[in-house]
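Along the sequence shown, residues are numbered consecutively beginning with 1. Computed over heavy atoms, backbone and side chain alike; hydrogens, waters and symmetry mates excluded.
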Amino acid sequence: MKTKNFSKHHYKDIAIHLFFLFIIWKLYGNVIYLWWTYDDTQLLKHAILYSPFQYFFQPHIWQDLSASFLSPLLVLSFDIDKTLFGLDPKWFYIHHLVIIWGCGMLLYTVLRRWVEQFFAFIGTLLFLFTSPIAVLSQQLMTRHYLEGLLFSLICIHLFVKSLDKTDLKLSYFSSFMYLIAMTAKEVFVPLIFILSALPLNDWKKRFKYLFPHASMLFFYSIWRWYMLETPIGGYGNKMEIQNIFQLPYTIIDFLFDSKSIPGIATSVLLIIFLIAFWFKQRRAALLGVWVGLLAILPVTTVAYTHAHRYFLVIWLVVIVFFVFIIKLSCQSNLTFKVLCLCLALSITFQAISLNIRDWNNNLLEAKRMSSEGKFIFNETSSVSNVLRKPAFEGHYLMGVNWLKRHYYHELMVTDWFYDDIYLCENNLDKKKVFEYSVNEQKIIDITHAIPFIINDYCGRIKNDVPLFIKGKYSKNVVSWELGPYNNGKYSFILGGSHTKRDIPPKGSLRVHFKDHIVFRIRYESPDGWITFSPYLIIEVNDGNSVVNWERV
């Protein structure tokens, strides 16, 4: 009889997992028609040029890709796909969707440890409908977040089983999964502190079984320090005091869109529920606060950017919270049950509506990048064509041209520019200029409009107004102060307008320069006039450099 019951549940779980696969394919299967986007071409370049040993254990090799983070598992994942499928992006996206499926299956498995099959199914299904999953499904460059989540869920599952079965060997396997998750992305480092707080057995046994994880964290910290040549690292953003106070609103705004009426209603219901839950289940509430803080901590300095990948783990915490809400609603008095069900329905509605909105918005951007990348990659005309104002940063198209030259041995490369200063300073004879049309959703020839663009833009440039920079580069950190204007917009332009980055008047950024960098400053005033510095050079000697320039 027990065998029969086990088989019945086993087959039902298999059917649920296959249903998750069906849902993922129906929701996100169209990503297989996208091309390389965002950071993909640079990741491919690194995978082609270097071996896994090099980008895992040689600091200068890794820092050529990133001096801020250590996530070599992402390059290895691209390396594996390249080896198996060549440079066919369709298979990279299929692999990407399989990882999302794996996250769904493991989330369901982990939830089943504490809740019934129905609640685990509903929670996992809602997770697959969240906006971070919708957007990350379109971004191969964010695979390390998904892989890190997958290995984190395996880690949790094995750790729970090790405690349930009193099997220390499973804890060692769990700790290895924890190491892989950290290798994918640093946001999973706090996982060990979540494991320590799980309501399982007594605390002495939990800490004994966490010793392998602590050893892995120590090893990872030393390795990361060696590879980045600093014990810290990250985006280089500074967390202002006002941002700390705004952080709860920022997170709620991203999760539920607090500017909309349904979002406001969900936020209010959530606050009411949290207050009621605090008085009803104090220990569980403290655990929720602890886990929530650990999920938020790694992204505190960048949460304001609303990049979906930063909210993947935060959304997962909300989903787990949601599962226990609907479970609790079945075991409470009528008033609390109504509150729970209203909150659950509000979260579900908002998650699905934001999923649809963000999927469509990001897909338009991804299609544009795909079109622009293909234009650069496929252009072999003897006429020198130029692409105006691409959607994404210059390193994407640099990577496209690199693949074109070095991997496919195509000598004809196509140029592009981000700022129309290019038109003012270059001879366009025998050149055609193209641009992506948002309305037509394709690349169109705008050569006929270039004289009017030149006349308007070049006439706004002033070469005799004040401008200055005080810059410093040291230990893979570049910092700057620009002036003398407090209003308006500053930018750095590199490589003859091949890269343009809008920046604040004062800031810092972690970046690795090999020897020197050539750039210029662009300033656009609120009145519409524009000024540029001449080309400036940061000469890197022993990892340090200073640049001071002023026009009065």
Side-chain angles (χ1 to χ4, degrees), residues 35-42 45 365 367-405 410-438 440-463 467 488-503 516-525 528-538:
W35 204 62
W36 311 117
T37 59
Y38 301 100
D39 297 341
D40 297 351
T41 55
Q42 292 297 329
K45 177 182 175 182
E365 184 179 3
K367 284 182 175 179
R368 175 176 177 174
M369 270 184 274
S370 294
S371 297
E372 291 172 341
K374 286 180 180 178
F375 175 82
I376 297 292
F377 186 80
N378 294 326
E379 183 57 49
T380 57
S381 171
S382 58
V383 177
S384 183
N385 293 329
V386 185
L387 180 65
R388 179 177 183 249
K389 295 187 176 180
F392 195 58
E393 297 174 19
H395 64 263
Y396 164 63
L397 295 178
M398 292 176 192
V400 172
N401 263 338
W402 186 90
L403 289 173
K404 189 175 180 179
R405 286 194 310 267
E410 173 58 60
L411 297 179
M412 185 66 66
V413 295
T414 306
D415 207 0
W416 69 90
F417 61 91
Y418 286 86
D419 193 276
D420 287 337
I421 187 66
Y422 177 94
L423 300 174
C424 306
E425 298 180 341
N426 288 275
N427 185 352
L428 297 179
D429 290 348
K430 298 181 180 180
K431 287 187 178 182
K432 289 186 176 182
V433 182
F434 291 79
E435 186 174 16
Y436 185 84
S437 169
V438 176
E440 300 180 45
Q441 295 189 24
K442 65 178 183 180
I443 305 285
I444 60 172
D445 188 341
I446 62 164
T447 307
H448 62 281
I450 293 303
F452 303 99
I453 295 172
I454 291 175
N455 184 61
D456 173 65
Y457 189 84
C458 303
R460 294 161 56 199
I461 296 175
K462 295 184 177 183
N463 296 315
L467 190 65
K489 185 167 66 175
Y490 289 95
S491 307
F492 284 147
I493 295 179
L494 293 82
S497 197
H498 279 170
T499 296
K500 179 181 178 182
R501 183 166 189 152
D502 293 336
I503 52 169
H516 73 280
I517 187 78
V518 180
F519 72 101
R520 70 197 308 182
I521 309 159
R522 178 189 187 274
Y523 170 74
E524 183 171 356
S525 79
W529 57 265
I530 305 165
T531 190
F532 293 85
S533 73
Y535 282 104
L536 306 171
I537 301 177
I538 295 179

Could you check whether any side-chain heavy atom of [X] comes within less than 4.5 Å of a side-chain heavy atom of [Y], counting everything from C-beta outward?
X: R368; Y: V438; value: yes
X: H498; Y: Y422; value: no
X: L397; Y: F375; value: no
X: L536; Y: I521; value: yes
X: L428; Y: I454; value: yes
X: L387; Y: I443; value: yes
X: I493; Y: F532; value: yes
X: Y418; Y: R501; value: no

[X] side-chain N/O to [Y] backbone N/O, donor-acceptor pair under 3.5 Å:
X: T447; Y: V433; value: yes
X: Q42; Y: H395; value: yes
X: T414; Y: N385; value: no
X: Y396; Y: W36; value: yes

Given D419, which of R388, K500, K389 fulfils the salt bridge (Lys or Arg N to Asp or Glu O under 4.0 Å) condition?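 It is K500; the other options fail the test.
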Describe, in one word, how the ring planes of F519 and F492 are oriented to each other, choosing from parallel (under 30°), tilted (30 to 60°) and perpendicular (over 60°). perpendicular
Qualifying residues under salt bridge (charged side-chain N to carboxylate O under 4.0 Å, His left out), relative to K489, sequence neighbours excluded: none
Return the set of residues passing side-chain contact (heavy atoms from CB on, under 4.5 Å) with S370 (not counting sequence neighbours), or none when no residue passes.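 Only L34, W35, T37 meet the side-chain contact (heavy atoms from CB on, under 4.5 Å) criterion with S370.
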Take E524 and R460 through the test side-chain contact (heavy atoms from CB on, under 4.5 Å) and record every step on the way to the result. CA-CA 10 Å; E524 183 171 356; R460 294 161 56 199; 3.0 Å; yes
Is the Y523 to W529 ring centre distance short of 6.0 Å? yes
